[in-house]
Undergrad: 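Next up is a structure, given as C-alpha cells.
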Amino acid sequence: MAYDPQPVERAIYKRWLDAGVFQPRPDSDPYVIVIPPPNVTDILHVGHALNDTIQDVVIRFERMRGRAAEWLPGTDHAGIATQNVVEKKLAAEEGKTRFDLGREAFVARTWEYVRKTGSTIIEQLKIIGCSCDWSRQRFTLDPEYAAAVREVFVRLWEEGLIYRGHRVIHWCPHCLTALSDEEAEHHETNGNLYYIQYPLADGSGAITVATTRPETMLGDTAVAVNPEDRRARAYIGKKIRLPIVEIEIPIIADDAVDKEFGTGFVKVTPAHDANDFEIGLRHKLEMPLVMSEDGKMDGDRVPKELRGIDRFEARKKIVKLLGPLLQKTEQHHHSVRRCYRCDTVVEPRLSDQWFVKMKPLAEPVMRGYDKTEFTIVPDRWRATFENWMNNIRDWNISRQLWWGHRVPVFTCTKCKHQWADRVDPTSCPKCGGPVEQDPDVLDTWFSSWLWPFATFGWPKDTPDLRRFYPGHTLVTAPEILFFWVARMLMSGYHFMGNRAPFRTVYLHGTVRDTKHRKMSKSLGNGIDPLDVVKLFGADALRWTLIAGSSLGADVILDPNDLETTFAPGRNFANKLWNIGQFVLGQLPKTVPAIEAMDRRRLTLADRWILSRAQAMIRETTASLEQFRLDEAAKRCYEFAWNELADWYVEAVKPRLSAGKAPEAAAILAYCFDAALRLLHPVVPFITEELWQKLPGRNAAELLAVAHWPGARGELEDPVADREFSRVRTVIEQIRSIRAEYRVAPKTRLRATIVARGNDKPATFQGEMDTIARLANLDNLEILDNHGVRQGVGAHAVFGDGSELVVALEGTIDVQQECRRLSDELGRLEQQLTNLATRLTNESFVARAPKDVVAREREKEKAWRDQRDVLAGKLKSLGCS
RNA sequence: GGGCGAAUAGCUCAGCGGUUCAGAGCGCCUGCCUUACACGCAGGAUGUCGGGGGUUCGAAUCCCUCUUCGCCCACCA
C-alpha cells in the first residue's frame, strides 16, 4: 500500500499548531531566525520553497536540540511591487489610474487588497511545513513597525546621516519613481553607437561625438575632451552649434573622458547621465531636462515636433532629423540598466531625493566582519561583500510612490524651516506657520533593513527584543546580499549597540531549470511548489530541495518532468512508510528500553545496526551543524533504507515473529525512532506520523519537540562493523553467483564457508540462519582452515583469504568458472602490483603518514592470502 | 573592464585535509508479485573525473594555462 501524504500532512500540521510547538520554549536558550519576508502580494514559488525549507530544517533541528526556537515570519509591504499590482488591477477592472482615485483612496484600496490577499503566501508556507512562530507574525507596515521606521529616519536625520541630494538618479519611467543603484539592474544589450557630427560654431568644420543615446543630445550643454588628447586638445574653448536645438555650447576639457573610446569627443548631458552630471558640476554647466517623468521628450529645449514622443521613438526620429550629420552607426555591446520591478529601461534623471550617508554605517560592520562577529557561508562571498561595502555609495531612499512609509520630513510653508519628526506636527515649531509633509515614501528596504529588531518591538525595550536580539542565522539568496543583508548588518550595528543581527549568513543557491536559467514566470519555466505537494506531498518537495542542494550551490530542477524530479523524495517517503508498517506490525505494546537490554544476548546483526545508528547520529548532527543539509539528509536515507531496511530488518525477521527476542524489538524500535528523529527536520510530516505510532507514545508527545538523539559511545562497535560486513559479503557473493549461473531464484543451494585469518567461523555461525535465508540456502557448512573440503561448485574468495563454495554439481561449467576465477585473480594481481610498487618505494614508506602505510600493509597481506587461495583453486580445477 | 562559480556515468549531482575515491539518485539491462514496500527486491553495465602543462612517491582532488557555460560588480559615452 502506498503512502498517501495529503491527509496526513493536513492533520499533522494542525496538531503542531494546536500544541503550539512552534512558539519558543519559555525556559531555554533562544535560537532565532527571521524569515526573509516575502512580498505581501507574492504567491509561493519554488525559490521561496527552497529558502523556507532550509530555514525550517535549521530551526527544527535547533528546536529538537532543546533551544527556544524562534522563527519569526511575516511579509513585506513591497512598495513598488504592490503598488504596481494594485494599479494594474485598477486599470484592468475600472480603467482608472491611481491619479483618478487620489492618494488617500488609492492607499485605502491597496490596504484593502493587501488585507484580502496578504495571507496567501503565509498559508502556503504552512502547506510546505514551515514551523514559524505564527504568534509573532509581522508586516513591515504594522503600526509598531512604522514607528520603528520613523524612529530610525529621525535618528539618522539628527545624526546628519540623511540629506537632500540634487543629482542624477535612476528613474523608472514606468513606475514613476526614483530607484536606488541596487534596484537598477545591469542587462547586457546589443545596441548601436551613433557617430554624430556637431558643427563648429565658427563654421570652421565639425567634430564628431559617439553616443548610444542620440535622443539625449537635446540636453547637451557641452562637448568634453580629455586634456591629454593631442587631436582634440586644439578644440578646447571653441564652441559647437548643437544640431536640432540650434544653440551654441562649449567644448571643454575633463579628465573623465576616455581618449581611446569613440572619437575622443563626448557629448555632455548633465541632466540625463550620472557622469555628465559630474562633469556639469565641475564646469558649472546648465542642466536642462529634456524628458518628462514618463520618458517622453519634453522641456524648453525640445522642438515642438518632438515633444510628447517616447524616448525610444524620439531616438529614431532624431537620427532621421540629423540626416548627413549622422556619420555612421556601429553595433555596440553594452549594458543597460533596467528597473528590477518592471524591467523598463531606467532613465538617468536629475532630481532631488533623500539620501543616507552609508560610509559611517558600513565601517562598524566591516570591523565586525574582520573580527568574525558574523560569518557568511560559503566564504567565497567574502570578496563580493567586502568590495561592495568598502565602495559603498549613498543610498537613495525616497520613492515617488504612494504605498509605503511616508517620509517624515516637514517643511514650514512660511519660514521654510525643514525638519524630521517622530510625530506629525500641526504647526512650525519655529514660527508657528503651517507645515507640509514631504510627499514621497521610503524605499521598501528602508523598512526591511530593520527586520531583525523592529519585529521584536524596537525602539521599545521589550522582553522579546532582549531575548531574541541578536539572532543566529539568516538564510537567504545572494541576490539580496546588498539589498537586504548588508543593510540589516548596518542597521544592527548602528542601532543595536554595535551588535550584528545574526552570527551566520547562509547564502543558498538559486533554483534553475535544466538549461540553468532562473525559474521565472515570464520564461514559463517555473515549478509551482503546491503542484508538487498535491502530486507527491510536501515531504517529497522538501526532500528534493534539500538533498539536491549542496552548500550554496544552485539547484537544478526539470519543470518538464516533475515525476522524475521529485520521485526520490516520494519514493523515500513511501519507503519510510513501509518500514513503519513493518516495524509497527512487529513491535509488542511495550518495548524494553535500549539501556535495559541484556547485551550478552545480542547477535552480530544487533551489534552492527546499533553501531551504524551511532555513526548516523554523529555524522548527521555534524553535517547539520555545518549547514550541510544535503549530507545530513542523505546519511539518514542511507541508514534507513540501506542499513536498517535492507539488512537489519531482513536479518531480524524470524526472531521478531517468533517473539522470543525482546532485544530485537528494542533495537528495531530504537533504530527506527532514531532515524525518524534525525530525518524529522527534512521530512517532518511522515516522520511525525510514524513516530506517533511507536509503542509507548502518548498523544501529547510530538516529534517536533522531541529531543535530538545523542550518539552512545558504548554502542559503537568497530568489530561488529567489520564482521557483519563479512556476512554481507558472503550473502552478496552467493546471490551474485546465483545470477551468474542463472540458478532459479527458488532453487535452494548448498554452500560452504572456510573462514581464515581474522575471519572466525564463529562470526558466520552466529548468523548462519541469516545467511541461509537471505541467500536461499538449504545447507550451510562453516569450516575453519583445517577443514578444507573440495567440491564441485562456484568459488569466491574474500576477507583474509576466506573462501566461499557454492555447490553447483551438474550446473557448473568448469570453463566458465575458470574464466571467472582467473579474471578475479588477474584483478587481484594488478592491485597487488600497484600496492607493491608503492610499498617498495622508499620515499612512500618514508613520507606517507604511518597509518596510511600500515593500512597498505594490511591490505597487501589480505590480498596476498586471497590470491594464494584463488591460485590454488584454479589449479585444483585444472584450469589452464 | 574587474571578481566569483561551474565543467565527474545518458540526466541531476556528491567526492576537492593526496594514496579501495571513481560514488549516489534517476534512467538503462537481467531476473523476481521472496506475506512492509513493484513509489519495491536481487543481480548487472556505464565514466581517458572539460583540454594541456606542472608539483609530488602518488592528483577529480594542489598550482599554471586554455576552452565552454553561468553569476555578480563597474561612470568607456
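Basis for what follows: all heavy atoms, side chains included, without hydrogens, waters or symmetry-related copies. In what follows, every chain begins at residue 1, and chains take the letters A, B, ... in the order their sequences are listed.
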Undergrad: With distance as the sole criterion, do the side chain of A/E631 and the base of B/rA24 form a donor-acceptor contact below 3.5 Å?
TA: no
Undergrad: Check whether any side-chain N or O of A/T564 sits under 4.0 Å from OP1 or OP2 of B/rC11, and answer yes or no.
TA: no
Undergrad: Which nucleotide in the list B/rA74, B/rU30, B/rC39 gets nearest to the side chain of A/R742?
TA: B/rU30
Undergrad: Please state the C1' separation for the pair B/rA22 and B/rC39 - nearest whole angstrom.
TA: 29 Å
Undergrad: Checking all strands, does A/E856 fall into the base, sugar-phosphate, or nothing category for heavy-atom contacts under 4.0 angstrom?
TA: sugar-phosphate
Undergrad: For A/K634 and for A/R735, find the nucleotide of RNA chain B with the closest heavy atom, then tell me which residue's nucleotide is more 5'.
TA: A/K634
Undergrad: So does A/K518 get a side-chain nitrogen or oxygen closer than 4.0 Å to the phosphate oxygens (OP1/OP2) of B/rG70?
TA: no
Undergrad: Looking across every strand, which nucleic acid part, if any, lies under 4.0 Å from A/E650 by heavy atom: base, sugar-phosphate, or nothing?
TA: base
Undergrad: Under 4.0 Å between any heavy atoms, over every strand shown, what does A/D276 touch: base, sugar-phosphate, or nothing? Just pick one.
TA: nothing
Undergrad: Need one value for A/R628: base, sugar-phosphate or nothing, where a base atom within 4.0 Å counts as base even if backbone is also close, heavy atoms only.
TA: sugar-phosphate
Undergrad: Name the nucleic acid region contacted by A/H272, choosing base, sugar-phosphate or nothing; use a 4.0 angstrom heavy-atom cut-off, strictly under.
TA: nothing
Undergrad: Give one of base, sugar-phosphate or nothing for A/T510, where a contact means two heavy atoms less than 4.0 Å apart.
TA: nothing
Undergrad: Name the nucleic acid region contacted by A/R393, choosing base, sugar-phosphate or nothing; use a 4.0 angstrom heavy-atom cut-off, strictly under.
TA: sugar-phosphate
Undergrad: Given B/rG44, B/rA74, B/rU19, which nucleotide is nearest the side-chain atoms of A/S736?
TA: B/rG44
Undergrad: Looking at every strand, decide which applies to A/E185 at a 4.0 Å heavy-atom threshold: base, sugar-phosphate, or nothing.
TA: nothing
Undergrad: Pick base, sugar-phosphate or nothing for A/R337, based on heavy-atom distances below 4.0 Å to the nucleic acid.
TA: sugar-phosphate
Undergrad: Let's test your reading of the pairing rules: Watson-Crick or G-U wobble, both distances under 3.5 Å, then write RNA chain B as a dot-bracket string with ( ), [ ], | and dots.
TA: ((((((((.[[[[.).......]]]].(((((.......))))).....(((((.......))))))))))))....
Undergrad: Using a 4.0 Å heavy-atom cut-off across all strands, classify A/Q586 as base, sugar-phosphate, or nothing.
TA: nothing
Undergrad: So which nucleotide from B/rC73, B/rG44, B/rA77 ends up closest to the side chain of A/H334?
TA: B/rA77
Undergrad: Applying a 4.0 Å non-hydrogen cut-off, can you work out what A/W641 is touching in the nucleic acid: base, sugar-phosphate, or nothing?
TA: sugar-phosphate
Undergrad: For A/A645, report the nucleic acid contact type (base, sugar-phosphate, nothing); a contact means any heavy atom under 4.0 Å.
TA: base
Undergrad: If you compare every side-chain N and O of A/R857 against the phosphate oxygens of B/rU19 (OP1, OP2), does one of them come in below 4.0 Å?
TA: no
Undergrad: For residues 270-277 of chain A, dump all side-chain donor-acceptor pairs below 3.5 Å to protein atoms at least two apart in sequence or in another chain.
TA:
| from | atom 1 | to | atom 2 | distance (Å) |
| --- | --- | --- | --- | --- |
| A/H272 | ND1 | A/E347 | OE2 | 3.3 |
| A/H272 | ND1 | A/P348 | O | 3.2 |
| A/H272 | NE2 | A/V290 | N | 3.1 |
| A/D273 | OD1 | A/N275 | N | 2.8 |
| A/D273 | OD1 | A/D276 | N | 3.0 |
| A/D276 | OD2 | A/T269 | N | 2.7 |

Undergrad: Please check the phosphate of B/rG31 (OP1 and OP2 only) for any side-chain N or O of A/K746 closer than 4.0 Å.
TA: no
Undergrad: Quick check on B/rG40: is either OP1 or OP2 less than 4.0 Å from any side-chain nitrogen or oxygen of A/N574?
TA: no
Undergrad: Classify A/H186 by what it touches in the nucleic acid, base, sugar-phosphate, or nothing, heavy-atom distance under 4.0 Å.
TA: base
Undergrad: Would you indicate, yes or no, if B/rC72 has its OP1 or OP2 atom less than 4.0 angstrom from a side-chain nitrogen or oxygen of A/R380?
TA: no
Undergrad: Starting the side chain at C-beta, find the nucleotide from B/rC37, B/rC76, B/rC71 nearest to A/R512.
TA: B/rC71
